[in-house]
Each structure stands twice: as C-alpha cells, then as structure tokens.
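A quick write-up on the structure given underneath.
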Amino acid sequence: MDILLQVLVTGIATGGVYGLIALGFVLIYKATSILNLATGAFMTLGAFVCLSVMTGAGAPFWAALLATLVFAVVLGLVIERVILRQLIGEPIISVIMVTIGLAFILQGLAHMIWSPDYRSFPEIFPPEPLDLGFAVVPSGLLWGFIFALIGTFIFILIFKFSRTGVAMRATANDQQAALSMGISVRRIFALSWCFGAIAAVIGGVVIGNISGISIYLGDIGLKVLAVIILGGLDSIGGAILGGFIIGILENLAGIYIDPLVGGGAKGVAPFFILVLVIMVRPYGLFGKEIIERV
Amino acid sequence: MRCGDFKENYIKDEEIFQSLFVKFWLGLFLAFLLIFPFIANPYALYVSNMIGFAVIAAVGLNLLTGFTGQISLGHAAFAGVGGYTAAVLITRFDFSFWLALPCAGVVAALAGLVIGIPSLRVKGLYLCIATLAAQFIFEFIFIHWESITHGVRGINVPPPRIGSFLLNTEKRFYFLTLFMVILAVGYARNLVRTRVGRAFVAIRDRDLAAEIIGINLFRYKLTSFAISSFYAGVAGALWVSFIRIVTPEHFPFHLSIQYLAMVIVGGLGSVLGSVFGAIFMTLVPEILNVLSGALVESFKLSSQVFIPLKEVVFGSLIVVFLIFEPLGLAEIWRRVKAFFLLWPFSY
C-alpha cells in the first residue's frame, strides 16, 4: 500500500511536468494545426540557455529564466516566419517532416555549442524532500510540479480572459470568421509559436532541474505525444489531465510490469497507451471529434 | 517534349523504356554497375552495399508514403523485424539464407499489416503518431524479448553462401545487393502502372472518391502496408547478413526518419526519385566524413565538432528540400533532362 501511494504521488508530480510540455504541443496545434515534433529540441535548447546564463553570467535563477523566455519568443518567431509560413497549405507529411528536420538542426546545434556531456543544474530550490506522511516527494519533482502548475495556470488565464487569448481561440475555431472579425491570423500564428516555445522551454528547464541536462533531454518530448493524444490534440484541459494519467500509469508500469519483462516498461508504457487510445478513441478525452473515417 | 515522339496508345505511353536511347544508356549504366566492383576499393563497395539496402527500403516506403499517401514513421521497425527474422531463422532453425530472405520479408509484411490496421480508422497525423509509437514498441520488443533476440547483445549471423562459395566480402555481397536492388526497383516500377498502383494513387489523391469509384480501401491500404514492409524486411535481412550481426541499435527511430528523408528528398511518388534519394542521403554523411577528416587534419580542429554537423546537415536537407523543391531530386532530374533535350535552342 505504501508503495502504491508513493507511486501515485510520484506519478502526479511527473504528470504535472508532462502536462506543461504537452501544452507546448497543444498551443501550437490548436491555432495552426501543426504538430511540432521539434518540441523536444526546444526543451533541450531552453534548458541549456538557462544553464549557460546562470553559470556563464552568474545571473540569479529568475533572471536566467527571463532570458530563456526571451530566447523562446525569438526562437518561436523566427521558426514560424522563416520555415513554417512557407508551408501553409502543404500536405501533412511535409509539415511533420519539416518539424522533424528542425528538431535535427536544433539538436545538432545544441550538441555543437554545448558538447554532449551530462551536466547538473545548480541547486536553486531547497533540497529537502516533502514528507506527506504516507509518501515522500523528492524536492526536484515537487518544485517542478509547482512550476508546471503555475505555468499552466498562467496559460489558461491568458487563454480565457485576455484579448489575445480570445483572438487565439477564435482563430483555432474558424480562421475565416476570425479574419473577418479583424483578427490578424498571421499574428496569431506567430503568437502561438511563441507560446508553444515558451511552454516547451519552461518544461525543459523543469526537467533539467529534476534529472540533469544533456542533449538527450528532449527525447522525453516524444513520450508526451501520448499525453496529447490521450487528452485530445486541441484541448488544454485534456493536456493537463492526460499528463497526470500518463504520469501515474507510467510509474505504475515501472513498478508492477517492469519485473515481468526485465525493465524498460516505464519508457514504453506511454506508447502502448497511445496506440490503444488511437484505436479506440482517436480524438482523445476532450478533443474535437472531427476525425474523418473512411 | 521530344520532337517526333508521338504515342498512339496507352500501352506505349506507359512503357518503362520509352526509347532506344533510354535503353542504350540504361544498358551502359548496368554494365558500369557490373564492372564497378572490380575497379573500386573495399570502402567504396561497402558504401555501395549500404546504398543498395537504402534503395530497397526507400523504394518500399515510397510505395506506401509517396503513392498511397500513408505516412509511416516506423519503417526502421519493419526492417528490424526482417533482420531479426532472418537472423533467428538462420541461426536457430538452420534455414539457408536464400529461404530466410523471403521469410524475413513475409514476417515483416505481417508486422506491417498489424500496424496498418489503424490506418483504416485514422489518417494523416494520427496514423503518423501511431506508426511512431509502433517504432518504439518494436524497439522495446527487440531489447526485451531476450529468449529470441538475445537483447542488446544481439545475434551473430553467418554470411550467405552458394554451395561452398561464401558471400563474405564487400565485393561478393555487392552482386547479391545489386541483383536484389534491380528486382526491387523493377517490381515497384511495374507495380505502379498496374491496377494496384493506380488504386494506390487514387487513395492518396482522395480516399473518399477512391472508395466511391469502387476501390476497396481496406484491401489496398493493407496491401500497400504489406508490400512496403516486405521491402523493408528484405532490406533489413540483407543488411544484417552483410554486417553479420543484428542488435536493437541498428534499427532506431533515427533510421525511420532517414528512410522518410530519402523518400522526400528523392521525390514523393517517384520510384526513380527514391533511388536518387537513397543514394544522395547515404553519400552525404560519407562525404562529410571525408571532408571533416581532411579539415581536422589541416586545421587541427577537434573532431568533436563534426559529429553534430552531420545531424545539422541532415535536418537542413529535409527542410530545404521541403521548402524549395517539394518534388525532390526526381523533379530536378526531369528539369535537367528537359533542358538538354532541346538545348541549345529551347524556344
């Protein structure tokens, strides 16, 4: 029983972080219908930039985080303007492959600039784990979770109440209608990429805090695909809930299925869930049911 | 259009070798391919073998992605299934290589059928993600089904043999590869001008319309998946017998992307294009290797810089081709030909 509770708590904490990264996918998909497979590379770059500003310039964490966010905005804008805008209206395979190509470029650049060595983040949070009585949450996970929650909350507030957020939702709903209401769809596309990049780099910084930084940090981005498929590709709430579910199931698999198959179940469990969801309910828990069957 | 080149019926129009001229040059090229191993060094032959395996896999993937319009991000997994099937059949059950090769293709095709089933329910993005998940699930199976695959240690595979003649050098294997490549390309080129090939294209262009004019989507989508994975399985089996070992590391996600990149850079929906794409995408890293070796020598740079350079170049090639030449090398080839056809009086 103790183990189960502990696993649940760890799962929820990891799930929060997954949810934040999933937001990076969903924010871009919702407005532009592009699945950004370079999200993982965004995370890696974000984590490295944050680390470099902290160790290189000796800046405090909040300043480094601010710098990382500025970097994310620039990254998102440049990529949207230079690459993705050329591909509007192209078939889906082109758009997917272009984001994969992008992932290779960014990953390679990170490798060139920062070398593949593993590094740990300087300690920025108090190291004491939180003892809930029935379970213990490691400090990195706890702060990552809190961070992810705050980030997600801010995104939801922007989306629900700000003018820009309303414009973004309108664009996601119907681009023609949005255009005729005087919303610049181009600006919204650029903005979505900024938001997506911001969510991804924060995710990267958080993961870097939990498990250290290497150029392979972004590989977790592919796992998060399971989260967004489960939650529904275009649902922000779904991304959060999906994050928790995948986080918990993944950790359960790590404890209960690993001994049966000799390890590795934790890493592959999300993909099994992904396939199941696609077979049974492709639009996920809260996604729009617009899947065309033939 | 070439002057005086009139087609009077569809059969003529669909011919693969359209003129004596084409036949002549192809014959010359084939002769060159046959002489090539006697003049090339082992390294060049090694690269040519790798190109051969890539051509087979890429042509297969193009049948699925370029002609039928179904995206597969898990093609390396099918190559892996083929490779492992061949390895297990040869080492455990004493199959001869010549029997194991088609078996590898068939088992890979069965795996492709299973993965293809979601394609009947979902398409586009969702199929893409489903095949991506399949890639990771297969990788997991390769690593953890210890009793069959021997986990990360892999299986050692003996080289193929004809009687007592071992195909154990790059040169000897080259002829096998060449034969298989010609077979694969020839079959694909012929397939796309049959009823099946036209059904594939109809499905790609508009699946609903295809269904309405009487194409059985269920059957043709799965056929496409099966043929395409058969190609991948054969490529995997050949590769495994060439390098004489199979481990899970040989079939990573990266390889799936590489196959797709070959298809895209070569040109979606063109058999010739995938051949170009496979040659091009295999040669570029090798050329970079040679170049970077020279640069490291002359400038005393650390060779560390050049490992990621390959990734950057690889990614850039994908992006640049998609933006500037979406029809790929096949289109460039067509334009060059058209330019020289009437040169120097093109107007």
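If you're wondering where the values come from, they're calculated on a predicted model, not measured in any experiment. As a basis for the values below, the full set of heavy atoms in this structure was taken, side chains included, without hydrogen atoms, waters or symmetry mates. Chain letters run A, B, ... following the sequence lines, proteins first, then strands; residues in each count from 1.
- For B/L268, the part lying near chain A is the side chain, with the backbone staying farther off; criterion is any non-hydrogen pair under 4.5 Å.
- Here the CD-CD1 distance, from A/Q86 to B/I323, works out to 5.0 Å after rounding to the nearest 0.5 Å.
- In terms of non-hydrogen atom pairs under 4.5 Å with chain A, the most contact-rich of B/I71, B/I137, B/I318, B/V319 is B/I137.
- With a threshold of 4.5 angstrom between heavy atoms, B/L73 approaches chain A through side-chain atoms but not through N, CA, C or O.
- Sparse packing is recorded around CZ of B/F218, with 12 or fewer heavy atoms of other residues, nucleotides or ligands lying under 6.0 Å away.
- Taking all atoms of both residues into account, the shortest heavy-atom contact from B/L125 to A/L233 is CD2-CD1, 3.7 Å.
- Annotation: maximal heavy-atom pairing with chain B below 4.5 Å, among A/V275, A/L222, A/V268, A/V95, occurs at A/V268.
- In this structure, the portion of A/L87 lying under 4.5 Å from any heavy atom of chain B is its side chain and not its backbone.
- With a 4.5 angstrom heavy-atom cutoff, A/I278 touches chain B via backbone and side-chain atoms both.
- Screening A/I93, A/I100, A/I96 for a side-chain contact (heavy atoms from CB on, under 4.5 Å) involving B/L260 leaves a single residue, A/I93.
- Enclosure of atom CD in A/E90 by more than 12 non-hydrogen atoms of other residues, nucleotides or ligands within 6.0 angstrom is indicated.
- In this structure, chain A has a heavy atom under 4.5 Å from the side chain of B/F253, while its backbone stays farther away.
- Ring pair B/F136/A/F271 is parallel by interplanar angle, where below 30° counts as parallel and above 60° as perpendicular.
- Counting all heavy atoms, side chain and backbone alike, B/A261 lies closest to A/M97 at N-CE, 3.9 Å.
- For the side-chain contact (heavy atoms from CB on, under 4.5 Å) test with B/I129, the passing option among A/L35, A/I228, A/V277, A/L37 is A/L35; the others fail.
- Side-chain contact check for A/F104 versus B/H254: some heavy-atom pair is nearer than 4.5 Å.
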Please test B/L132 against A/L274 for side chain to side chain contact (heavy atoms under 4.5 Å, CB included), starting from the C-alpha separation and ending with a verdict. CA-CA 10 Å; B/L132 185 138; A/L274 202 169; 5.5 Å; no

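- The two residues A/G108 and B/E311 have their closest heavy-atom pair at N-OE1, 3.8 Å.
- Annotation for A/R85: atom CZ counts as buried by contact number, over 12 foreign heavy atoms lying within 6.0 Å.
- Interface remark: A/I229 contributes side-chain atoms only to the contact with chain B (heavy atom separation under 4.5 Å).
- Contact annotation for B/L322: both backbone and side-chain heavy atoms come within less than 4.5 Å of a heavy atom of chain A.
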